[in-house]
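Comments concern the structure below.
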Amino acid sequence: MLRCLVTGATGYIGGRLVPELLGAGYQVRCLARTPAKLRDHPWARDVEVVRGDVTDAGSLGEAMRDVDVAYYLVHALTTGSGFEETDRQAAENFSGQARAAGVRRIVYLGGLTPAGVPERDLSAHLRSRAEVGRVFLRSGVPATVLRAAVIIGSGSASFEMLRYLTERLPVMVTPSWVGTRIQPVAVRDVLRYLVGSAEMPGSVSRTFDIGGPDVVTYEEMMHRYAAVANLPDRFIVRVPMLTPRLSSLWIGLVTPVPQSLARPLAESLRHEVVCREHDIARYVPDPPGTPIGFDRALALALQRVRDAQVATRWSSASLPGAPSDPLPTDPAWAGGSLYCDRRARTVDASREALWRVIEGIGGENGWYSFPLAWAVRGWLDRLAGGAGLRRGRRDAARLRVGDSLDFWRVEEIEPGRLLRLRAEMRLPGLAWLEMYAEGDGNGPTRYRQRALFHPRGLLGHMYWWSVSPFHALVFGGMARNIARAAGRADAAREAHRAD
């Protein structure tokens, strides 16, 4: 039985690859900087999780022990301007430790680069992906380097960008790159190729282009999305002066994809990205009906969205500059100021009803507070390059550790008792929001809420004191409305039972 190491298991592709590998009968070990983020995945008990980071060569040694196939599904795009050097060093660490541990194969998912375009003219994103692939191919460990263009699947950044642009804008003024030819690939085929690569012969070490059967322009993709989604056809006007930077600003305003991620996606579409071979089929044969066509890939993704069965999303990964520090009240944290806004309410409902409201917060359900204040804060965050309120939720009713939730991320969840969110909005400090459901059935149910802020420098202190006058409206209103919502839900449930 092959043992596979998966990096990036908290991300979009990695989180979907793990159950596919388990289904193929392989043993799986996951490398994660924060193992708790994998705790609530449905496959968590079937895998081994080790703490580590690809940028730390020392932590990779234990992770590589007894591993046959090592999957590299991470990139440093979200770490800031120096991500190319970080990517290079991480790949060197990974390949060096794989060689030392006797790993039989490295499998890497990179980006499809255009033919005949000098590497210096590529976007930094594609250039870095290509360099990482070369690092693995010269590592001395047999490597499979898969190169994909646009991946179409529920929750992927490319799909979300296409979906929101098309659904929200019946008339679009677009950059010239919408006429560039692209060969998209369904996420199901990407996963099939990744799993199949595990048992390639040791003599095979090379790149493989992977794509679907359709070669289309981005403009065609929008027209075809409208047809599959039963929308009126879109009217598209190309404007050559829209640069990738301006395009990314527009994408950031119209879609949930923030500017920091939209820009590399837009830059990658400036050049034609079409497969030059399909040699992967020699080693991972295509079953009937595959590769999946573009329209069917769209239909499958849309059905997943409508059925609320999106397993992973692009927002599973943190945004550039998003804080990752632990809650300041944790034992490992020491020093500094910590501001706190506390609220508590007695709730005329069961603890279970209160918890359902708490766990359902955000996304389409809103934040049970002054809507205009939250909307303005979301727009300000978008303008600053942050996540804003448009990331929504992965699931309308259930949360798990690591889920993005508008401009928050779930840091801890104790079902029925505690939800702790860490802010990923642009702030001069670190912020958390805690919500508790308390009560044992013998006394009143209590809702308790804490908003905590650890300021960074003088600006952080000024920020807290400038917004604190509005806390009664925002946080006080939230506590009051959550309690009321729980009461109404409990009363409605009792009335339904009586009928």
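Rounding to the nearest 0.5 Å gives a distance of 9.0 Å between OG1 of T55 and CD of Q89. Interatomic distance, Y447 OH to I482 CD1, rounded to the nearest 0.5 Å: 3.5 Å. The CD atom of E160 sits 5.5 Å away from the OH atom of Y164 when rounded to the nearest 0.5 Å. Here the CG atom belonging to L399 is positioned 9.5 Å from the CD1 atom belonging to I361, to the nearest 0.5 angstrom. Atom CZ of residue R16 and atom CZ of residue R188 lie 9.5 Å apart, to the nearest 0.5 angstrom. Taking CE of M478 as the reference point, atom OH of Y368 lies at 10.5 Å (rounded to 0.5 Å).
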### Step-by-step side-chain contact (heavy atoms from CB on, under 4.5 Å) determination, R420 to V410
CA-CA 6 Å; R420 178 186 299 146; V410 179; over 6 Å; no
### Message
R391 vs W408, test: side-chain contact (heavy atoms from CB on, under 4.5 Å). Steps then yes/no.
### Response
CA-CA 9 Å; R391 289 194 299 184; W408 303 89; 5.9 Å; no
### Intermediate values then yes/no, salt bridge (Lys or Arg N to Asp or Glu O under 4.0 Å), E434 and R422
CA-CA 9 Å; E434 291 183 331; R422 186 183 74 244; over 6 Å; no
### Task
Dump the intermediate steps for side-chain contact (heavy atoms from CB on, under 4.5 Å) on V150 and M221, then the final yes or no.
CA-CA 11 Å; V150 171; M221 288 169 64; 4.2 Å; yes
### Task
Could you go through the side-chain contact (heavy atoms from CB on, under 4.5 Å) check for Y225 and L302 one step at a time?
CA-CA 10 Å; Y225 178 93; L302 278 170; 3.1 Å; yes
### Task
Give the intermediate values and the outcome of salt bridge (Lys or Arg N to Asp or Glu O under 4.0 Å) for residues D395 and R393.
CA-CA 5 Å; D395 185 287; R393 300 172 53 108; 5.1 Å; no
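For the side-chain contact (heavy atoms from CB on, under 4.5 Å) with F159, the qualifying choice from L298, I151, V187 is L298, the only one to do so. Under the side-chain contact (heavy atoms from CB on, under 4.5 Å) rule, L194 has a single partner from D189, L21, I13, which is I13.
Not one N or O on the side chain of E92 forms a donor-acceptor pair closer than 3.5 Å with the backbone of V135. Within the 3.5 Å criterion, the main-chain N or O of K37 finds no donor-acceptor partner in the side chain of T34. Looking at R33, its side chain never comes within 3.5 Å of a backbone N or O of G52 through a donor-acceptor pair. Here the side chain of R345 pairs no donor or acceptor atom with the backbone of Q449 at under 3.5 angstrom. Proximity of a side-chain donor or acceptor of D406 to a complementary backbone N or O of G363 within less than 3.5 Å is detected. Using a distance-only test at 3.5 Å, with no hydrogens or angles considered, a donor-acceptor pair links the side chain of N93 to the main chain of V54. Proximity of a side-chain donor or acceptor of D403 to a complementary backbone N or O of R400 within less than 3.5 Å is detected.
Closest approach of A63 and L31 over heavy atoms only: CB-CD1, 3.8 Å. Here the closest heavy-atom approach between residue A91 and residue V132 is recorded as CB-CG1, 3.9 Å. Between R450 and C340, the shortest heavy-atom distance links the atoms CD-SG, 4.1 Å. Nearest heavy-atom pair, G15 versus W43, reported as atom, atom and distance to 0.1 Å: O-NE1, 3.5 Å. Counting all heavy atoms, side chain and backbone alike, S350 lies closest to D490 at N-OD2, 2.9 Å. For A301 against S154, the heavy-atom pair with the smallest separation is CB-N, 3.4 Å.
Inter-residue side-chain proximity for L405 and L421 is flagged as met; some heavy-atom pair is nearer than 4.5 Å. Side chains of Y72 and L109 form no contact here, defined as non-hydrogen atoms less than 4.5 Å apart. Contact check for F136 versus F94: side-chain heavy atoms found under the 4.5 Å cut-off. In this structure the side chain of T346 never reaches within 4.5 angstrom of the side chain of T445, judged on heavy atoms. Within the 4.5 Å cutoff, the side chain of R29 has heavy atoms near those of the R3 side chain. Counting only heavy atoms from C-beta outward, the side chains of P444 and V347 never approach each other to under 4.5 Å. Here the side chains of L430 and R456 are in contact, with some heavy-atom distance below 4.5 Å. Contact of the I413 side chain with the L418 side chain is not registered, since no non-hydrogen atoms from C-beta on lie closer than 4.5 Å.
Within 6.0 Å of CG in D348 there are 12 or fewer heavy atoms belonging to other residues, nucleotides or ligands. Within 6.0 Å of the CZ atom in R417, the count of heavy atoms belonging to other residues, nucleotides or ligands exceeds 12.
For the 3.5 Å distance criterion, the side chains of D53 and S59 fail to qualify, holding no donor opposite an acceptor.
Applying the ring-ring contact (aromatic ring centres under 6.0 Å, His included) rule to F370 yields no partners; only residues at least two apart in sequence or on another chain are considered.
The residues E438 and R351 are annotated as not salt-bridged, no charged nitrogen and carboxylate oxygen being separated by less than 4.0 angstrom.
Judged as a side chain to side chain donor-acceptor pair (under 3.5 Å), not a single pair has a partner in residues 476-489 (not counting sequence neighbours).
Using bins of under 30°, 30° to 60° and over 60° for the plane-to-plane angle, the ring pair Y339/W464 lands in the parallel bin.
Aromatic ring centres of W432 and F453 lie farther apart than the 6.0 Å criterion allows.
A cation-pi arrangement, defined by a distance under 6.0 Å to the six-membered ring centre and an angle within 45 degrees of its axis, is present between R448 and Y436.
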